[in-house]
Amino acid sequence: MKATLNGKLNEIPDCTIFIPNAGTIRMKALPDISDGKSAVYNNEGIMGRSFPLYTYSYSGDRTLSIQLHFYIVKVGDGSGNLRDLRRIQSAVYPRRGDNGAPYTPPPICTIKCGSLIALEPVCALLQSYNVKFPTDVAWEENTYCPFRFDVDTNWLIVYTSADLPFQSRIVGLGR
């Protein structure tokens, strides 16, 4: 796939973050993705044995670290980039409550980037984001948006009880 067409960045098909009540972020640059999970084993000491017996206890959280890249290549990209940044920021804040409740938890988002994470979108909670606006690049005069900046995000993958991952599902679907 070509990254540009006539000097304009192409949207990467099937590489999105959907944030309920905020909209969809469509990637124009392939993000840097780290995907991690752990399994926890208890060690059981056995008298007379030279090393302990390890028993599976539980699996840890599956986490994604995604660094999103934003660029300005045409008029209006700065406003669009800042709009996408605000969407990301909104995903760590609680939502307005209903029926007298002061708030509800932050939204459950969906992430898809080709087949890198899974074949289907995964549900994820944004745990943190970090953005630093560089001063060593040009910036847009009306928004002060730099022509290039990155947003580091950390996500927690979540599942419904009926959709819990097992080894065979991970091998087949990635989720």
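- The residues D61 and K37 are annotated as not salt-bridged, no charged nitrogen and carboxylate oxygen being separated by less than 4.0 angstrom.
- Contact annotation: the side chain of N21 never approaches that of R87 to less than 4.5 Å [non-hydrogen atoms, C-beta and beyond].
- Atom CG of N99 has 12 or fewer neighbouring heavy atoms from other residues, nucleotides or ligands inside a 6.0 Å radius.
- In this structure the side chain of C15 reaches within 4.5 angstrom of the side chain of P31, judged on heavy atoms.
- F70 is listed as a side-chain neighbour of D84, based on a closest heavy-atom distance under 4.5 Å.
- When all heavy atoms of C123 and T110 are compared, the pair lying nearest together is SG-CG2, 4.3 Å.
- Criterion: ILVMFWY side-chain heavy atoms under 4.5 Å apart, direct or through other members. Under it, I111 and I12 are part of a common hydrophobic cluster.
- Under the 4.5 Å side-chain contact rule for hydrophobic residues, I88 and F133 share a cluster.
- Judged by a 6.0 Å distance limit and a 45° cone about the ring axis, R49 is positioned over the six-membered ring of F51.
- Between the side chain of D32 and the backbone N or O of L68, no donor-acceptor pair lies under 3.5 Å.
- Judged purely by atom type and a 3.5 angstrom limit, R95 uses its side chain to pair as donor or acceptor with the backbone of P105.
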Criterion side chain to side chain contact (heavy atoms under 4.5 Å, CB included) on R62 and I117, from CA distance to verdict: CA-CA 11 Å; R62 181 179 179 192; I117 300 167; 3.6 Å; yes

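- Closest approach of C109 to P20, counting heavy atoms only: CA-CD, 4.1 Å.
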Q67 and T153: CA distance, side-chain angles, deciding distance, side chain to side chain contact (heavy atoms under 4.5 Å, CB included) verdict: CA-CA 6 Å; Q67 185 180 56; T153 61; over 6 Å; no

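- Residue Y144 places its OH atom among 12 or fewer non-hydrogen atoms of other residues, nucleotides or ligands, all under 6.0 Å distant.
- Between Q89 and Y129 there is a side-chain heavy-atom pair separated by less than 4.5 Å.
- Expressed to the nearest 0.5 Å, how far CG of D35 lies from SG of C113 amounts to 11.5 Å.
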Pair D136-R148, salt bridge (Lys or Arg N to Asp or Glu O under 4.0 Å): steps then yes or no: CA-CA 10 Å; D136 60 345; R148 175 197 51 81; 3.7 Å; yes

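- For the pair K112 (side chain) and A118 (backbone), a donor-acceptor distance under 3.5 Å is present.
- The shortest non-hydrogen separation linking G78 to I72 is CA-CD1, 3.6 Å.
- No side-chain heavy atom of T24 sits less than 4.5 Å from a side-chain heavy atom of I17.
- V92 is not listed as a side-chain neighbour of P106, based on a closest heavy-atom distance of 4.5 Å or more.
- Under the 3.5 Å distance criterion, the side-chain polar atoms of T16 are left unmatched by any main-chain donor or acceptor of F18.
- V122 and L125 are assigned to two separate hydrophobic clusters, defined by single-linkage of ILVMFWY side chains at heavy-atom distances under 4.5 Å.
- Inter-residue side-chain proximity for T63 and N154 is flagged as unmet; no heavy-atom pair is nearer than 4.5 Å.
- Both V131 and L126 belong to a common hydrophobic cluster when Ile, Leu, Val, Met, Phe, Trp and Tyr are linked at side-chain heavy-atom distances under 4.5 angstrom.
- When side chains are defined from C-beta on, I108 counts as touching V158, because their heavy atoms get closer than 4.5 Å.
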